[in-house]
Structures are given as C-alpha cells and as structure tokens.
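Written out below as structure tokens is the structure these notes cover.
Letters A, B, ... are given to chains in the order of the sequence lines, protein chains preceding strands, and every chain is numbered from 1.
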Protein chains: 2
Amino acid sequence: MNGSLVPLGKPRPERADAVRNRELLLATVREMLAEGGTGCVTMDALAERARLGKGTVFRRFGTRAGIFRALLDADERIFQEQVLCGPPPLGPGASALDRMVAYGQARIAFLLDHHSIARAALDRNQPVPAGEATITRVHLRMLLGQAGLGLPDLDSLAIQLTGALEGPLLLYLALPEPDTPPSPAAGRPLADSWSILIHRLLRTEPGSTAT
Amino acid sequence: MNGSLVPLGKPRPERADAVRNRELLLATVREMLAEGGTGCVTMDALAERARLGKGTVFRRFGTRAGIFRALLDADERIFQEQVLCGPPPLGPGASALDRMVAYGQARIAFLLDHHSIARAALDRNQPVPAGEATITRVHLRMLLGQAGLGLPDLDSLAIQLTGALEGPLLLYLALPEPDTPPSPAAGRPLADSWSILIHRLLRTEPGSTAT
DNA sequence: CGCCTAAACGGACTTTACCCCGTTTAGCGC
DNA sequence: GCGCTAAACGGGGTAAAGTCCGTTTAGGCG
C-alpha cells in the first residue's frame with residue numbers, strides 16, 4: 001500500500017518485520033484489553049500471546065506506558081484531525097471562544113472514552129513526554145492568541161487551562177472500575193464548568209477597548 | 001501534648017513500638033532523600049537501613065507512594081493550618097477573591113517546594129486517594145461558595161480549578177532533575193495566570209445583579 | 001508476676017518491568 | 001543467487017514492589 005508512496009526521506013525507514021510485529025502487538029494488546037482491563041496487559045503475557053520475545057516488545061515500545069501511548073496515538077491523530085480541519089465549532093471557522101468551548105467538550109469526551117488507556121499511558125518517571133497532553137496545550141495556546149485578550153504570558157495560561165481540562169480526568173476523577181461502560185453523561189458537569197470558565201475568562205472587560 | 005488529650009475513642013490506639021518504628025522509618029527516608037533523590041528510596045534499602053524487615057515497612061505505609069504521602073502529610077498539616085487560621089490574605093478575614101488568589105500562590109509555592117515528593121506520592125493505581133489534592137478541592141469549593149456567583153455545580157468548578165492549580169505541577173511541568181535548588185521564581189508565571197484566571201472568573205457580570 | 005491475645009515483626013516468595021547480549025534475518029549491492 | 005551489515009529478535013537475568021505466614025512481643029488482666 002504505502003510502501004511505494006514513501007520516498008524514503010530517512011536512510012532506513014523501518015524494516016518490514018518490525019512493522020508487522022508492531023501491528024501484531026498492537027492488535028494483541030487490543031484483544032487483551034477487551035478481555036480484562038489494562039491491568040492484565042503484562043509485558044510477558046503480551047509477548048507470549050503474540051508469540052514474540054519479551055525483548056521485542058520492549059524494543060518496539062520502550063516501556064509499558066509506551067504501549068498505551070502507541071494505542072492512544074492512533075485515535076489521537078483522528079481527534080487532532082477533527083480539530084485542525086473538521087467542521088466549525090471544533091474545527092476552524094468559528095470564534096476562538098466557541099472553539100475553546102467545543103474543544104473542551106470534545107477533549108473531555110475523548111479522555112472519558114480512553115480513560116483507562118490514557119491513565120496507563122502516564123509514566124511514573126517521565127512527566128508526560130510530549131504525548132497526548134501536548135496537543136491540548138498547543139491548541140489552547142493558539143486559540144488564546146486568536147482571542148486577542150491583552151494578556152502577557154499566554155503560555156502559562158495555556159498550561160493552566162490544560163491542567164483544568166485534563167487534570168481532573170487524569171488525576172482526581174479516576175474511575176476505579178476496570179471497564180468503563182460508555183456513559184457519555186459522566187463528563188457533563190465538567191464540560192459545563194469548562195464552558196463557564198472559558199466564557200468568563202474571555203469576556204472582555206466592561207469599559208476597556210483593547211489596551 | 002495530645003497523647004493524653006485523646007480519650008481513646010478507638011479500642012487500640014497504637015502500639016508503642018509501632019509508633020517508634022514509624023518515626024524511625026520517616027527519619028530514615030528523609031536521610032535517604034537528602035543523599036539521592038526519591039529514586040533511591042527503595043523499600044528494601046529503606047528496610048535494611050532502618051534495620052527493620054521489609055514486611056514492617058509495608059505494614060506501616062502500605063505502598064511506596066504511601067511513604068511519601070506520610071512525608072507530605074506533616075508539612076501539609078502546617079500548610080492547612082495557615083489556610084484555616086493564619087493571617088488574612090491566606091487565612092480568613094479577606095474576601096473570597098483575595099483568598100483564592102493567595103491560596104493559589106501559596107499552593108504553587110508549596111508544590112514547588114515538595115515537587116519530587118508530591119510526584120512520588122502519586123500512585124499508579126489509586127487516583128490520589130483523598131490525599132494532598134483534596135485539601136485544595138475542598139478549600140476552593142468553600143471559597144467559591146462564599147464568592148456568591150450565581151452558578152450551579154460549584155463542585156465541578158472546584159475540581160476543575162484544582163486541576164488548573166495542581167495539574168501543571170504534578171503532570172506536565174515535572175522538572176527532570178532530582179534535587180530542585182530552591183528557586184522560588186519558578187512558579188511565578190503560573191501564579192500570575194492563576195491570579196488572572198480567578199479575577200476573571202469571579203468578576204461580576206456587567207449589567208446583572210443576580211439572575 | 002506470669003499468662004494470653006492481638007498486634008507487630010521478619011524475611012522468603014512471587015510478580016513484573018526493564019536490561020543485556022548473543023543469535024538471526026531483512027534487504028541492499030553485486 | 002551470494003554475501004554483508006545493520007537492524008530485529010529471543011529469552012534469561014536483575015531489581016524492586018508487594019504478599020504471605022510463621023514467629024515474636026507489647027501490654028492488659030487476673
């Protein structure tokens with residue numbers, strides 16, 4: 001399929017068996033996830049089930065958390081695409097305010113969907129290595145810039161809002177049960193307060209024009 | 001002090017050797033922390049260094065994260081006291097807005113101080129088991145109530161603000177180096193955007209009295 | 001003062017992430 | 001096809017968290 005489409009920008013793109021094994025491993029992980037939660041995904045068990053050596057698993061993903069990051073990445077890319085070039089409230093074409101609210105709602109739903117995987121993708125040592133957190137921060141930063149509030153240091157604000165959006169789901173509200181029955185209403189309260197927060201944050205000062 | 005003040009509400013308060021060993025362990029942990037970061041605090045090493053069995057260490061703290069939680073608790077109690085009955089901007093006696101801003105500043109400084117310990121106190125399985133995160137949520141919730149904005153569901157908002165305050169430090173901005181030289185300026189940007197966030201959040205609507 | 005019981009202790013055992021390095025193989029040039 | 005080299009593979013080895021259970025002891029009671 002795409003083997004001929006890639007013009008080999010890098011000297012060694014990747015060996016065919018490596019690709020095959022990566023996909024085999026990811027498929028196997030998905031199987032195991034379906035059977036028992038993230039807890040039963042063990043490096044040994046995964047390797048054995050995929051009929052590969054343990055070393056191979058680590059070579060592909062580096063760490064246990066890496067497996068789940070790889071799993072997230074696929075869906076994350078789809079999500080990102082919706083944000084970058086999807087229909088208006090979420091994608092471009094709406095006001096910064098509307099897009100921020102829409103983004104929050106979409107992100108909460110996404111994290112709720114991928115809750116157990118997202119948590120498993122957290123690494124005790126590395127502090128979210130430019131993974132799924134970054135997209136939120138970058139996108140919020142951009143929208144804050146577009147919103148044109150006269151604030152210095154939008155970077156810190158973007159980081160803080162990222163914490164407001166993702167922190168509760170990654171840190172505090174971790175649902176204890178392994179398999180989350182798809183309850184889309186669970187994130188409603190959070191989405192509502194996100195909307196309020198953003199509306200008030202971006203509301204222009206009563207008597208100021210720009211400064 | 002309080003040893004005689006507690007009228008033994010529970011049948012067995014705690015055995016003397018247990019108390020002695022807990023304190024011995026905590027002191028030993030502090031020693032080890034001073035020498036090498038949290039990384040070198042191993043259950044085995046700790047037990048050996050304190051001349052105790054590993055089982056004892058686990059009995060006392062339950063889990064590795066529990067050790068660091070115990071360590072935090074001491075300082076956390078002091079922090080909490082400042083908040084509950086300290087001088088005005090942080091303690092009672094100021095407006096809800098001023099107190100929220102002051103709390104954010106104080107909390108950021110606190111987390112920055114205890115950064116490595118606070119992160120080590122995070123448990124992969126349990127989602128911050130009513131530990132140091134809760135004080136923030138509860139306190140913010142109370143102040144939001146006092147602020148008297150006409151919003152429903154202040155609980156979610158409090159959770160979200162907790163994420164805004166603590167998420168960046170616990171999740172994203174994890175400084176990689178083991179020993180943080182006390183650089184009090186590191187949290188400045190965050191404290192500033194917290195102030196902005198709170199000011200805008202609590203700002204009363206231009207032409208509305210209550211709704 | 002000695003008994004008795006519940007609590008504390010100790011350390012071997014199990015599980016799991018992660019490392020290492022000798023072996024195999026894909027894929028390129030001839 | 002043939003060989004060569006860098007990459008991938010395999011799986012035993014290590015370290016550290018957490019469990020189990022037999023042994024010891026604090027401390028209340030007769």
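At whole-Å resolution of the value, CG in A:L52 and C1' in C:dT24 are 14 Å apart. Atom CD of B:E48 and atom P of C:dC9 are 18 Å apart (whole Å). Distance B:L46 CG to D:dA16 P: 13 Å, rounded to the nearest Å. Rounded to whole Å, the distance from CE on B:M32 to P on D:dA16 is 10 Å. The distance from atom CZ of A:F61 to atom P of D:dA8 is 13 Å, rounded to the nearest whole Å.
Using modelled atom types, no side-chain atom of A:S195 and backbone atom of A:A191 make a donor-acceptor pair closer than 3.5 Å. Listed for the A:E14 side chain is no donor-acceptor partner under 3.5 Å among the backbone atoms of A:V19.
For D:dC9, neither phosphate oxygen OP1 nor OP2 lies less than 4.0 angstrom from any side-chain nitrogen or oxygen of A:R15. In terms of phosphate contacts, A:R51 brings no side-chain nitrogen or oxygen within less than 4.0 Å of OP1 or OP2 of D:dG10. Phosphate contact (OP1/OP2 of D:dA8, side-chain N/O of A:T56, threshold under 4.0 Å): absent.
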Please produce a list of atom pairs where a protein N or O lies less than 3.5 Å from an N or O of nucleotides 17-21 of chain C.
| from | atom 1 | to | atom 2 | distance (Å) |
| --- | --- | --- | --- | --- |
| C:dA17 | OP1 | A:R64 | NH1 | 3.4 |
| C:dA17 | OP2 | A:M43 | N | 2.9 |
| C:dC18 | OP1 | A:T63 | OG1 | 3.1 |
| C:dC18 | OP2 | A:T63 | OG1 | 2.8 |
| C:dC18 | OP2 | A:R64 | N | 2.8 |
| C:dC18 | N4 | A:K54 | NZ | 2.7 |

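Listed by residue number, B:A16, B:D17 are the residues of residues 16-25 of chain B with a heavy-atom contact under 4.0 Å to DNA chain D.
A donor atom on one side chain and an acceptor atom on the other are found under 3.5 Å apart for B:Y103 and B:T136.
Residues satisfying the side-chain contact (heavy atoms from CB on, under 4.5 Å) test with B:L26, not counting sequence neighbours, are B:R22, B:R30, B:F61, B:A70, B:L71. The side-chain hydrogen bond (donor to acceptor under 3.5 Å, both in side chains) search around A:H139 returns none, not counting sequence neighbours. Every residue meeting the side-chain contact (heavy atoms from CB on, under 4.5 Å) condition with B:A94, not counting sequence neighbours, appears here in chain and number order: B:D98, B:R99.
Listed by first then second residue, pairs satisfying side-chain hydrogen bond (donor to acceptor under 3.5 Å, both in side chains) with a partner in residues 79-88 of chain A number zero, not counting sequence neighbours.
Atom CD1 of residue B:I159 and atom CG of residue A:L171 lie 12.0 Å apart, to the nearest 0.5 angstrom.
One finds a salt bridge joining A:E76 and A:R107 here, because a Lys/Arg side-chain nitrogen approaches an Asp/Glu carboxylate oxygen to under 4.0 Å.
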